[in-house]
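Scroll down for the structure; my scribbles are underneath it.
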There are 2 protein chains.
Amino acid sequence: MKISTKGRYALRLMLDLALHDNDAPVRIKDIAARQEISDKYLEQIISSLNKAGYVKSIRGPQGGYKLAKAPSYYTVGMILRLTEGSLAPVACLDDEVNQCIRQESCATLELWRRLDDAIKSVVDTITLANLVEWQEEKIDNYII
Amino acid sequence: MKISTKGRYALRLMLDLALHDNDAPVRIKDIAARQEISDKYLEQIISSLNKAGYVKSIRGPQGGYKLAKAPSYYTVGMILRLTEGSLAPVACLDDEVNQCIRQESCATLELWRRLDDAIKSVVDTITLANLVEWQEEKIDNYII
DNA sequence: CTATTATACTACTATATTACTAGGAATTGC
DNA sequence: GCAATTCCTAGTAATATAGTAGTATAATAG
């Protein structure tokens with residue numbers, strides 16, 4: 001029941017892009033240095049964000065990445081589901097293929113539904129913009 | 001972010017014990033047959049529940065297992081944490097050993113805290129007794 | 001037009017975890 | 001003492017995780 005590095009890195013990567021969103025695109029190398037993450041691994045992660053259209057890439061010198069839309073557009077759930085896969089606590093909530101025969105008589109299914117709802121209520125309401133806010137509050141606290 | 005078979009089986013096992021709680025202890029073989037789970041695997045899982053004192057075992061012929069306390073005593077969280085380990089979505093919420101240096105400036109930590117709270121609000125309030133209720137409702141629906 | 005800087009793509013790999021299986025030892029009721 | 005049951009330990013195939021490595025491709029500055 002842990003979020004893997006892939007999902008956590010993807011979030012920090014997107015947050016980093018949101019925080020450094022001026023005209024110039026941000027290079028993987030810089031994100032990797034700031035976040036202390038392997039740049040080669042980040043490259044793979046950002047590649048899937050790119051394919052999904054969450055970021056846009058600019059190749060060549062002075063190239064890098066930018067968010068495709070405003071931070072408020074991206075929920076944490078969007079980013080985590082893209083990199084982690086489904087966030088449902090059990091496979092039988094995912095799709096019809098994984099549904100088991102016990103479904104109808106399974107009391108634990110109700111539990112998993114409630115857990116799933118609780119998880120969704122967090123990841124589908126918090127956006128990158130919220131993370132940006134929180135980050136800026138933390139920085140303010142440091143200055144004070 | 002999935003609950004493993006170990007945790008899911010442990011829940012179904014405890015629910016099975018709660019549902020068949022008359023005088024006679026329940027044999028692993030019977031639980032395994034009803035739940036369609038490998039009995040050897042169940043044996044391992046119940047062993048940790050036994051060591052934790054959640055069930056009591058009776059050896060020899062006519063032996064088996066019984067719940068140590070009433071179903072309302074056991075939250076889903078107790079059972080899952082025992083078999084799955086921590087249910088926190090990231091390791092830095094678990095213990096001091098796993099806390100990272102970025103803690104103070106990490107905006108995603110606030111996200112993980114909220115996700116953790118959401119998960120806890122479900123698993124620490126729902127008990128085996130609730131699962132028993134739901135199971136009995138399902139059975140009633142079948143009869144109607 | 002070429003050297004440089006950056007992303008893009010694909011393959012490989014070490015380690016850990018999951019989900020069991022197998023076999024025998026210990027206990028106890030009849 | 002025999003059969004039924006739990007108890008204990010070790011092994012293992014398959015999958016997932018968390019990267020590393022190397023090369024190809026594109027764009028730009030000079």
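Chain identifiers are assigned alphabetically (A, B, ...) following the order of the sequence lines, protein sequences preceding nucleic acid strands; residue numbering begins at 1 within each chain.
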Next on the checklist: Donor-acceptor pair, distance only, cut-off 3.5 Å: does the side chain of R81(B) make one with the backbone of L87(B)?
Outcome noted: no
Checklist entry - Which is true for K56(A) with a 4.0 Å heavy-atom rule: it touches a base, it touches only sugar-phosphate, or it touches nothing? => result nothing
Checklist entry - Atom CD1 of I46(B) to atom P of dC7(D): distance rounded to whole Å? => result 8 Å
Checklist entry - Does a side-chain N or O from S47(A) land closer than 4.0 Å to OP1 or OP2 of dT7(C), or not? => result no
Next on the checklist: Nearest whole Å is fine: how far is dT7(C) C1' from I31(A) CD1?
Outcome noted: 12 Å
Item to check | Note, T108(B) side chain near R8(A) side chain (heavy atom, < 4.5 Å) | outcome: no
Next on the checklist: Given 3.5 Å as the limit, does a donor-acceptor pair link the side chain of K29(A) with the main chain of D39(A), or not?
Outcome noted: no
Checklist entry - When rounded to the nearest 0.5 angstrom, what distance separates CG in L49(A) from CG in L82(A)? => result 5.5 Å
Checklist entry - Are any non-hydrogen side-chain atoms of I126(B) and T75(B) less than 4.5 angstrom apart? => result no
Checklist outcome for this item: In 5'-to-3' order, the base (B), backbone-only (S) or no-contact (-) status of each nucleotide in nucleotides 15-21 of chain D, using a 4.0 angstrom heavy-atom cut-off, is ---BBB-
Checklist entry - OP1, OP2 of dT5(D) versus side-chain N and O of R59(B): anything below 4.0 Å? => result no
Checklist entry - Where the side chain of Y54(A) meets the backbone of I46(A), is there a donor-acceptor pair that is under 3.5 Å apart? => result no
Checklist entry - Over how many whole Å does the gap from Y65(B) atom OH to dT5(D) atom P extend? => result 12 Å
Next on the checklist: Expressed as a whole number of angstroms, how long is the span from K66(B):NZ to dT5(D):C1'?
Outcome noted: 16 Å
Checklist entry - Between N50(A) and dT7(C), is there a side-chain N or O to OP1/OP2 distance below 4.0 Å? => result no
Checklist outcome for this item: L42(B) CG to dT5(D) P, in whole Å, measures 15 Å
Checklist entry - Is a side-chain donor or acceptor of N130(A) paired with a backbone partner of T127(A) at a separation under 3.5 angstrom? => result yes
Checklist outcome for this item: To the nearest angstrom, the CD-P distance between Q62(A) and dT28(D) comes to 9 Å
Checklist entry - dT7(C) C1' sits how many Å from K51(A) NZ, rounded? => result 12 Å
